[in-house]
Amino acid sequence: MVRNLRLWMLVLCFCLANSAFKAVTEDENDERKPYIVYMGDAGENYHVEAAEDHHNILLTVVGDESKARELKMYSYGKNINGFVARLFPHEAEKLSRDEGVISVFKNTQIQLHTTRSWDFLGFVESKYKRNVAVESDIIVGVLDTGIDIESPSFDDKGFGPPPAKWKGKCVTGKNLTRCNNKVIGAKYFHLDQQNFVDDHGDTAADYEGHGTHISSTIAGVSVSDASLFGIANGTARGGVPSARIATYKVCWELDGCSAMDMLAAFDDAISDGVDMISVSIGGSSLPFFSDPIAIGAFHAMKRGILTTCSAGNTGPELFTVSNLAPWVMTVAANSIDRKFQTVFKLGDGQTASGISLNGFSPTKKIYPLTSGLLASNVTAGGYGEPSVCEAGTMGEDKVMGKVVYCEAAPEEGGGSGGEDHIVRSLKGAGVIIQLQEPTDMAFVTVIPGSYVFFEDGTKISEYINSTKNPQAVIFKTQTSKMLAPSVATFSGRGPQRISPSILKPDISAPGLNILAALSRLESLTDYPDDKRQTLFSIRSGTSMACPHAAAAAAYVKSFHPDWSPAAIKSALMTTGK
Ligand SMILES: *[C@@H]1O[C@H](CO)[C@@H](O)[C@H](O)[C@H]1NC(C)=O
Ligand SMILES: *[C@@H]1O[C@H](CO)[C@@H](O)[C@H](O)[C@H]1NC(C)=O
Ligand SMILES: *[C@@H]1O[C@H](CO)[C@@H](O)[C@H](O)[C@H]1NC(C)=O
Ligand SMILES: *[C@@H]1O[C@H](CO)[C@@H](O)[C@H](O)[C@H]1NC(C)=O
């Protein structure tokens, strides 16, 4: 029936195509861009004929059999009906008028939204009730940057085989050569083969670290003595440590995350048999019919699968929340009751503290202190701003063996960025970086380093100006208690314009300075020359909050396996602690 309708359409439009459009040359093909053609729900077993149907629809606008085959990039059809093809805008527009087509939208790039946290939530190990038998039947699908299966958080000791309902696959590749009974599935998606540049190629292995961190937050097994160079030491674990993980790699280090890949991952995850989907990815707010996460999550919900999404990291301004569909659980980030303080002492005995993740203990009592300004080698008329320690503006002879103070760059939140790396390249002994705006996020530094609030920075500058031989020493980061929770500064805020009557975010969860598994395949600080190895790292973002809420949802489901996505979401939203 469906196919007949398409053929009829084909005949009608072929004449139009002939009269209106000139022949397409190879050059014009490069101009065509991937568009997603969304056609609603795929019926049972539809995927068998989906490809042919989609081909016929495409034929109605491109008018040529082999051209249609060449332009079609992918057919969805397991749960979601639709396809991806390279099109000109006018072709996309024409397709959108097809009776069977709900929407046609250009493929877009979407962003990643970058343990004590479980204790803080009241999930104190061995003190909370768990339904382990049911929990171990729960499969959480994670759409992200892949996974490092060799992390101790994914050790499958004591796990039985995957639940019988599991229909997914383990697609192996470089650095992901197996799955196990904890990570039971792995797939990767990059439909645009033509413009694919990722160095690492066809593999679900995680070179970014985001997916590994998130997956371990949801369902990592207990790992004792976990820490980042001794900072935040304790037992690391996920919220539902007996649950299984299925990884769907949709984000690539160099190519980013794209809408068409995400939709393909949703289509597969739903039919593979996952119980929950966690998506720490989001873009600008789009109408639901052109939002791949909204569409994917909608089809998931129809099959009883709750999708949990991050609210975005562009707060605190209004209208910054993303992932707005009412059928997803949208998660804001809050602090936990632990903060990271990096104390330093000046030569005159003053001490102050900044925020960072500094794993280095000093090897000397005190070091000479200088500033970017004093270390400047910019000659008159030269370019660059030494006061903010910009690359290429300081002389190695003036920095070597010293702690360098860098002023905040006026326009930005922090300094000019990468100051620790720049000072390290000049053989500096440490760095203190002034921040323009207060922050609640701690970052790993490649040399001893501390980020200080604006006023504290000014005091350091005064001290440097007051003496001939300024000195300082930076101590290893320590944790201390703080009042919590409060919503993290960066967390995306409502209201929203797409469906203003629906309040978003729905819920908040820990997303500030969260310790979780580090992929062995990533560099701790993104600098290739930072060769330090550690099994855990600390990250902040609504990306880190989303898996906490996803795991809480899985926890509820382990006691109420028959509850709908809406019931689980409602239970979490209406239960205070
Ligand atoms: C990743 O794979 C490459 C190529 O197979 C190999 O040389 C490298 O050692 C692997 N890395 C890790 C951390 O296993
Ligand atoms: C972390 O390490 C410190 C110092 O070694 C120790 O005093 C503390 O008990 C440890 N905390 C945990 C939770 O293991
Ligand atoms: C300043 O020092 C940097 C790093 O040592 C060097 O790359 C640059 O050429 C120097 N500039 C001048 C003007 O000497
Ligand atoms: C320290 O001296 C430098 C150079 O004269 C100046 O730019 C800076 O404002 C001084 N710092 C303070 C806190 O006065």
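All values derive from a computational prediction rather than experimental measurement. Whatever order the structure lists ligands and atoms in, that order sets their numbers, starting from 1.
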Inset, instruction - With sequence neighbours left out, write down each residue that passes disulfide (SG to SG under 2.5 Å) with C251, or none if nothing qualifies. - result: C257
Legend entry - Partners meeting disulfide (SG to SG under 2.5 Å) with C406 (sequence neighbours left out): C389
Inset, instruction - Measure from the ring center of Y207 to the ring center of W252 and say whether it is less than 6.0 Å. - result: no
Inset, instruction - With sequence neighbours excluded, give me every disulfide bond (SG atoms under 2.5 Å apart) pair touching residues 161-190. - result: C170-C179
Give every pair formed by an N or O atom of ligand 1 and a protein N or O atom closer than 3.5 Å, one pair per line with both atom names and the distance to 0.1 Å, or write none.
from     : atom 1 : to   : atom 2 : distance (Å)
ligand 1 : 2 (O)  : N175 : OD1    : 3.0
ligand 1 : 2 (O)  : N175 : ND2    : 2.5
ligand 1 : 11 (N) : N175 : ND2    : 2.9
ligand 1 : 14 (O) : N175 : ND2    : 3.4

Legend entry - Between R520 and S151: side-chain donor-acceptor atoms closer than 3.5 Å: no
Inset, instruction - List every atom of ligand 4 that sits less than 4.0 Å from any heavy atom of E462, numbering the atoms from 1 in the order shown and giving each element. - result: 13 (C)
Legend entry - R178/E150 ion pair, N-O < 4.0 Å: yes
Legend entry - S461 N/O under 3.5 Å from ligand 4 N/O: yes
Legend entry - ligand 4 atoms in contact with T458 (distance to a heavy atom under 4.0 Å): 13 (C)
Inset, instruction - May I ask you to say whether D268 pairs ionically with K187, meaning some side-chain N is under 4.0 Å from a carboxylate O? - result: yes
